[in-house]
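Notes to accompany the following structure.
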Amino acid sequence: MALAVSAGLAGAAIRIWGGWASVLWGDEFHVLLDRRLSDLTTVLTTYDDRGTGIGFPLAQYLSLAALGPTLLGLRLPAVLAGILGPALAFWAGRPLVGASAAAIAAAALALSPLHVFYSTFGRGYSLVCMLGLVLGGACARGIESRRDGWWLLVAGVGGALIYVHLTSVALLAAGFVGSSLAARNDLRLVLVRILPAFGTAAALGAALHVPAWDGLAAFWEAKAGGGMSGGGFSPLDVATLIGGSEAGAWIWLLALPAAAVAFARCGGSPIVLALAFVPVVILGVVNPISNAPAFARYLIGILPWGWMLVGWGVVALVNRTRRPNAEQAALALGGVAVAAMVWASPIASAARVAPYGATYLGMYSTGVFDHPLPGDRRFYGSLGAESAVGVIQFPPVRLGGALVYRAGRLALGRPTWMGYVGHPPAGIHGAPLVAVDGQGPPPCDRGEVLLILYRNLTWEIRSFQNASSAAVTNAIDRPFIRLPPVEAPLEASTVGALRARWGEPAHETRRHIVWRISCDSSGWGVGGEPG
């Protein structure tokens, strides 16, 4: 218990600190730039082409309504789910693998880099993991007690799982398989409680999607069976993310199967085995369009169940010594294993959490991503950036471009913002977004900013990736760096509108157009006129 509590408190501290330590980035833009959170009707009737789902944007909408348009409001559902996850891992695992193994699993989940990352990021994966733990724990107690209340909980949580993320169907199927096998000697229990509970969960999940059915159908047609994107990846790449490091990856690839075989031979609960392995099989068969990071986060629900098996294996090995203090020794050994995993992971790597650092690369100290690229300072120096209070870079992109902005921020040592035109992205305060047409407030109260327009942002991103790829050594980084840049086409009319708004540029080449714009507390430009 002490191990689970101490690790849980440490994990909570990491998540609370990280919940608003990094500015808006990447997939978090999906629900904002697409106006997903503009009103409740839009939230409930939209299933976007990126698989954001509906349940988590709904939680974000309610959180933002309660806390206001802040980064904390955007990420609070993920942070809370991440904090509750380790406690639920102990609750769910105790009747299935024993208190000691459950404590080891809770500690491993509390300090899992993948789980920590998604507990501080505005997407629904930590919530999927949390709901999966409630599902498994309810199944175990429903079989043991035969009480209908647990199966009602299974039905509700199962429907919520599908509503949060479509890949959670794999967890729901795993729960059904595991529960049915665990109750295989009681056909009445399977037919009267288990089958109706999971059938109701599936029906509820489908019914909740009816208002957005067209979007869901289009997404499924485009996503399923498409294979990999952004270059190939291996099981080691995915295991590195799940295990938290290459050392953790080998634990998963070697120790987990061995522990699972021993657990099965000793009559261990099929619920644990199913929840640890069935989602991997289902996702492998469905083969959604993905890359290593995407595949790993689709499997985040197996994290606690895999660590339960590893924890059980540690306890079983130590118990074979038949010493009086074997249980304490097992907990100590499990604690050392978790500490070693953390020591080898990004949490202990002192990777810089710079602005735009909420990326998988930001989890690792890869050198090139933590320092300006060669030529960056020279470029900004030629613009006289040392006299500016910050830089607005335009147009914004959701994936690869964030690395370009991050490199610029590190080179300048002062704020950089991503520019946009049109409607503001749901007005999230603290996001690095500025209206470059001057329709919104300026990013600073006094001083001069540079507005840099990239005429060929795709080229900029590819140039950045090519210059930095030689320094990438971690398995986690290889698939990430091959992600294709995602951007909106830069129309000539947009460039013309910016020329009309800000006048003649201070600097212009075939790659960039740069304006120097003054701003003060009254708005853009001294006296409200363009700089």
Side-chain angles (χ1 to χ4, degrees), residues 20-26 28-29 32-33 69-71 352-359 362 369-373 375-398 401-421 424-425 427-455 457 460-461 464 494 498 501-509 511-531:
W20 46 88
S22 298
V23 295
L24 199 67
W25 180 83
E28 290 178 306
F29 281 124
L32 297 179
L33 292 180
T70 63
L71 282 176
R352 292 180 61 176
V353 184
Y356 320 107
T359 69
F369 296 105
D370 296 326
H371 302 283
L373 287 179
D376 275 353
R377 288 197 174 97
R378 185 169 60 252
F379 168 68
Y380 288 109
S382 69
L383 301 179
E386 64 277 357
S387 64
V389 296
V391 171
I392 305 168
Q393 304 188 65
F394 177 78
V397 296
R398 301 173 187 181
L403 301 177
V404 177
Y405 296 125
R406 184 171 189 243
R409 169 65 174 83
L410 292 170
L412 287 169
R414 55 178 58 89
T416 60
W417 299 278
M418 301 182 192
Y420 71 90
V421 295
I428 299 295
H429 302 318
L433 298 165
V434 174
V436 296
D437 54 8
Q439 298 303 308
C444 60
D445 292 336
R446 182 179 299 276
E448 186 177 64
V449 297
L450 298 180
L451 168 58
I452 302 177
L453 182 148
Y454 291 96
R455 283 180 150 163
L457 190 56
E460 298 287 341
I461 296 169
F464 175 86
T494 300
L498 292 179
R501 176 66 178 89
W502 302 116
E504 286 299 312
H507 178 86
E508 184 169 359
T509 69
R511 288 172 50 190
H512 310 103
I513 302 176
V514 182
W515 289 270
R516 304 186 73 90
I517 307 170
S518 63
C519 54
D520 59 25
S521 58
S522 64
W524 290 101
V526 177
E529 295 297 323

Taking atom OG of S382 and atom NE2 of H507, what is their separation to the nearest 0.5 Å?
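S382 atom OG to H507 atom NE2 measures 5.5 Å (nearest 0.5 Å).
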Examine distances only and state if a side-chain atom of [X] and a backbone atom of [Y] form a donor-acceptor pair shorter than 3.5 Å.
X    : Y    : value
W502 : V436 : yes
R455 : T509 : yes
W524 : G440 : yes

Is the shortest side-chain heavy-atom distance between D437 and R501 below 4.5 Å?
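The answer is no; the side chains never approach within 4.5 Å.
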Is any side-chain heavy atom of C444 closer than 4.5 Å to a side-chain heavy atom of V449?
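Side-chain contact under 4.5 Å: yes.
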Work out which heavy atom in S387 is nearest to a heavy atom in E448; give both atom names and the distance.
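So the minimum-distance heavy-atom pair works out to OG-OE1, 4.2 Å.
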Of all the heavy-atom pairs spanning A506 and R516, show the shortest one and how long it is.
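So the minimum-distance heavy-atom pair works out to CB-CG, 3.8 Å.
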Might you work through the side chain to side chain contact (heavy atoms under 4.5 Å, CB included) test for I452 and L383, ending with a clear yes or no?
CA-CA 10 Å; I452 302 177; L383 301 179; 3.8 Å; yes
Stepwise side chain to side chain contact (heavy atoms under 4.5 Å, CB included) test for F394 and V434
CA-CA 9 Å; F394 177 78; V434 174; over 6 Å; no
From L451, L450, L453, residue fulfilling side-chain contact (heavy atoms from CB on, under 4.5 Å) relative to I392
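That would be L451; it is the only one of L451, L450, L453 passing the side-chain contact (heavy atoms from CB on, under 4.5 Å) with I392.
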On the 0 to 90° scale, with breaks at 30° and 60°, tag the Y454-H512 ring pair as parallel, tilted or perpendicular.
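Correct class here is perpendicular.
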